[in-house]
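Data block below; observations after.
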Protein chains: 4
Amino acid sequence: MAGKKGQLLNLSPNNKRAIQGENKKRLILQVATEVFAAKGFNEATISQIAKKANIAEGSIYDYFKNKEDLLFSIPEERMDNFLSGLQEHLEGIKGPLSKLRKLIWYHLNFYEKNKDYVLILLQNIQQNPRFNSTRAYQLIREFSKRVVQIIEEGKKEGVLRTDIDSRLLRDAILGAIEHITIRGSILGRLPTLTAEAEALYDVFVSGIQPQIPGERS
Amino acid sequence: MAGKKGQLLNLSPNNKRAIQGENKKRLILQVATEVFAAKGFNEATISQIAKKANIAEGSIYDYFKNKEDLLFSIPEERMDNFLSGLQEHLEGIKGPLSKLRKLIWYHLNFYEKNKDYVLILLQNIQQNPRFNSTRAYQLIREFSKRVVQIIEEGKKEGVLRTDIDSRLLRDAILGAIEHITIRGSILGRLPTLTAEAEALYDVFVSGIQPQIPGERS
Amino acid sequence: MAGKKGQLLNLSPNNKRAIQGENKKRLILQVATEVFAAKGFNEATISQIAKKANIAEGSIYDYFKNKEDLLFSIPEERMDNFLSGLQEHLEGIKGPLSKLRKLIWYHLNFYEKNKDYVLILLQNIQQNPRFNSTRAYQLIREFSKRVVQIIEEGKKEGVLRTDIDSRLLRDAILGAIEHITIRGSILGRLPTLTAEAEALYDVFVSGIQPQIPGERS
Amino acid sequence: MAGKKGQLLNLSPNNKRAIQGENKKRLILQVATEVFAAKGFNEATISQIAKKANIAEGSIYDYFKNKEDLLFSIPEERMDNFLSGLQEHLEGIKGPLSKLRKLIWYHLNFYEKNKDYVLILLQNIQQNPRFNSTRAYQLIREFSKRVVQIIEEGKKEGVLRTDIDSRLLRDAILGAIEHITIRGSILGRLPTLTAEAEALYDVFVSGIQPQIPGERS
DNA sequence: TATGAATGAGAGTTCATTCAT
DNA sequence: AATGAATGAACTCTCATTCAT
């Protein structure tokens, strides 16, 4: 979880054969994520990834069908984590607004901790039409639906305006989050991405007009 | 081999060439925009563009240094148009909120009319680090500053909350716009992109909570 | 026709641009034939062919879709020549037996003059299942039918036994020719391939038993 | 991971291994023959063979030096069988013509029963120049000489024409046989390969001209 | 200016072979 | 003897770019 690079822990003398199976696959995915994020999918080469992972080029093809499969495999696990993490965080929270607040915070927080991944997802993966036949894509759609769901709960319970199209609102929220993240990632300034969560939530909930004193809690 | 096409119409020679020069450049840019949008920068080839523009591959290099230069030249004129058009539309409008409303409408409207361009801008250009040394990039930053400016006018005039970070707000608004546009473009459903402008403005201005009756105009 | 290698005759100074279009395609086919014959299709590389033809590897792909297309293009012209040549040689010949004699001679003669091509045809092309969808394959089948035709003419005219299956006979004759050619090519001893034509014809026509004196013409 | 297959049956350990060695080699050869025949030598992969034989890729290299050695090992045993079988069948047969008849029948019969092998022999092995340094190649030459021998016996005994070159005749006969076999194998129609033996023998012995009634036995 | 044939570096990918276990 | 993950050389093919015409 916390560990940065040094995942290679207790290796036997010849470490070439020590990292195996699922671990090696993970290593490749990790390195590929870094390289793709740094150079972009097209500019990155298999040979660079292999070199950085300290393995042979051919080995990558033992775990992934081809370069694109490697790319599309990156979101697989991350999306699982993202969704199950979201589920956990929303558990026990009452009220659609509270859920929304949490969701914004969780989203920004996740992106902050997975900068490389987000960059790849937004810039290399989502725009690829073949991604749509992926399981990861389905998970993203699921998440998207979850947001709409929360919004509609809010409408039903009377804490959200019913005159706003749910999908528009969803797009606005997710778009804002993504834009903030990308700007942060590219420009290198996102020291406190998570810190912006509350502010962003506040913008959406209360609007940008000055509060009329004593009006809302 | 013998018969070319018959592009030579009855223009005085030098006039013709002078016009053709600029025209041809525009033609290339136009076709390149379509091809890049349809296939993505990397998958598109110079040869495809040349064929679609009915010119020789080599001719492209008479007008553009290389493929990337061709890509980066696309926003040049568009951004000029975008900014001057915005200027015009904002002229005579009083009040930062009205300006913001107009800006959101203008932005979505422009994107709606320039789908190909937007796709390229968001997916192929902005993520390229070398784009940052471009004049077009400067224009985008200028626009970005203009948005912040309007926001800060609003704060000064007391029609916008002062407790919201201006850049955060800007990112939220632009992010929402972009997300709505991209979703529309990729998913093919954007029949009334402009129609969403008012709704989006409303979300930001009034927030998503139900209005307390009779409170605001 | 007679010319061996030095087909590059009156070239302008920069010969790189001098061989053009159909000529270059022919050059590549010629060189490819030599290289494929010498090393076999799989062992031969595009780079070897390019080097031997004094062109860039990429140029080969301007004229042929891929390596296999290059291989399958070899029989194209040769088969046309083979068939039209056969047609010419059979013209004016009366009697199926005389035609058969000519055919055997012509076949061996052609193979003798096209050793490289034959080697490739028999060892690399015909065994490739994808060759069957080729025009050249159709030409081969046509030739095959032509042989059967002659045989059946012979039966009708009473100069050939009617109790022999025509296709069996065809296979026997063509098989004999091919085997003689291949043995000659591979073992390097085929100084007088054509010279064997009459003997082979004689074997088939008269059989291998001693002639009873004064029996046939 | 934990559970292997259950190949360990109840054999006394050392017995089992001893038998397995030679058996395994045979298994590999058998499977390799099938795979090479189906896909061709170059298109076939060691991994495919290993998978089909239910062994590890590496195990193949315990029995064969490399892929080519595996290929060249295929004719080894088959040629031994072929030759000793031929010997048996020719035993007791009097007269070169009868021997020739038998030889043609035996050859076609063997090919019919060993289609896969023949395909490989004719299409992948014989054209490989390195095959010539093989023992199997020597066996083939021996067979070839045996045919010439029979032919020359025939000449000596006066039942074969002496004016036909023995090697030419041999090539014609073997070529016919091979062509018939290959056509049959590739085109998928060889229901009665052996049945054609007598007809083929007849073609060679009596020639293709109509018999003059009552002339020969 | 315009052309488009030619270039050639460089990419992804395959697979025979090795060798630690 | 048996394994199969790992290797890495070598291949085919693409395509941005050049330049003689």
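B/Asp69 and B/Arg130 are not joined by a salt bridge, as no carboxylate oxygen comes within less than 4.0 angstrom of a charged side-chain nitrogen. A/Asp80 and A/Arg135 are joined by a salt bridge, as a carboxylate oxygen and a charged side-chain nitrogen come within less than 4.0 angstrom of each other. Using a cut-off of 4.0 Å between Lys/Arg side-chain N and Asp/Glu carboxylate O, A/Arg26 and A/Glu77 are scored as salt-bridged.
Donor-acceptor pairing under 3.5 Å is recorded for the side chains of B/Glu34 and B/Gln30.
Regarding C/Lys39, its NZ atom lies at a distance of 14 Å from the C1' atom of F/dC11, rounded to whole Å. In this structure, A/Phe41 places its CZ atom 12 Å from C1' of E/dA11, rounding to the nearest Å. Between C/Leu27 atom CG and E/dA5 atom P there is a gap of 16 Å when expressed in whole angstrom units. Between D/Phe64 atom CZ and E/dA16 atom C1' there is a gap of 15 Å when expressed in whole angstrom units. Rounded to an integer number of Å, the gap from CG of A/Asn42 to C1' of F/dA16 is 14 Å. We find that CD1 of C/Ile49 is positioned 12 Å from C1' of F/dT12, with the value rounded to whole Å. Distance CD (B/Glu43) to P (E/dG12): 12 Å, rounded to an integer number of Å. Atom CD1 in C/Ile28 sits about 11 Å away from atom C1' in E/dA5, given to the nearest Å.
Between A/Asp62 and B/Ala44, the one whose closest nucleotide on DNA chain F sits nearer the 5' end is A/Asp62. Judged by closest nucleotide on DNA chain E, B/Glu57 is the one of A/Asn66 and B/Glu57 placed further toward the 5' end. Nucleotides of DNA chain E nearest to C/Ile60 and A/Gln48 differ in position, and the one nearer the 5' end is that of C/Ile60.
Secondary-structure annotation of DNA chain E gives the stems E:2-21 with F:2-21, with a stem taken as at least 3 successive Watson-Crick or G-U pairs whose two distances both fall under 3.5 Å.
Checked against F/dG4, E/dT3, F/dT12, the side chain of C/Thr45 finds its nearest nucleotide in F/dT12. Looking at the side chain of B/Ala56, the nearest of the listed nucleotides E/dG4, F/dA16, F/dG8 is E/dG4.
B/Tyr63 comes within 4.0 angstrom of the backbone, heavy atoms only, and of no base. Residue-level contact check: B/Ser59 touches the bases, meaning some heavy atom is under 4.0 Å from a base atom. When heavy atoms are screened at a 4.0 angstrom cut-off, C/Ala50 is found touching no nucleic acid atom at all.
Closest non-hydrogen pair, D/Phe64 versus D/Ile28, comes out as CE1-CG2, 3.6 Å.
Listed pair C/Lys24 / E/dA6 meets the phosphate criterion, a side-chain N or O lying under 4.0 Å from OP1 or OP2. For the OP1/OP2 pair of E/dT14 and a distance below 4.0 Å, the side-chain nitrogens and oxygens of A/Tyr61 include no atom meeting the criterion. The side chain of B/Lys51 contributes no N or O atom lying less than 4.0 Å from OP1 or OP2 of E/dG4.
Annotation: cation-pi geometry not satisfied between A/Lys24 and A/Tyr63 (NZ/CZ under 6.0 angstrom from ring centroid, within 45° of ring axis). With B/Phe72 as the aromatic partner, B/Lys65 does not meet the cation-pi criteria of under 6.0 angstrom to the ring centre and within 45 degrees of the ring axis.
Counting heavy atoms from C-beta outward, D/Tyr137 and D/Gln126 have side chains that stay 4.5 Å or more apart.
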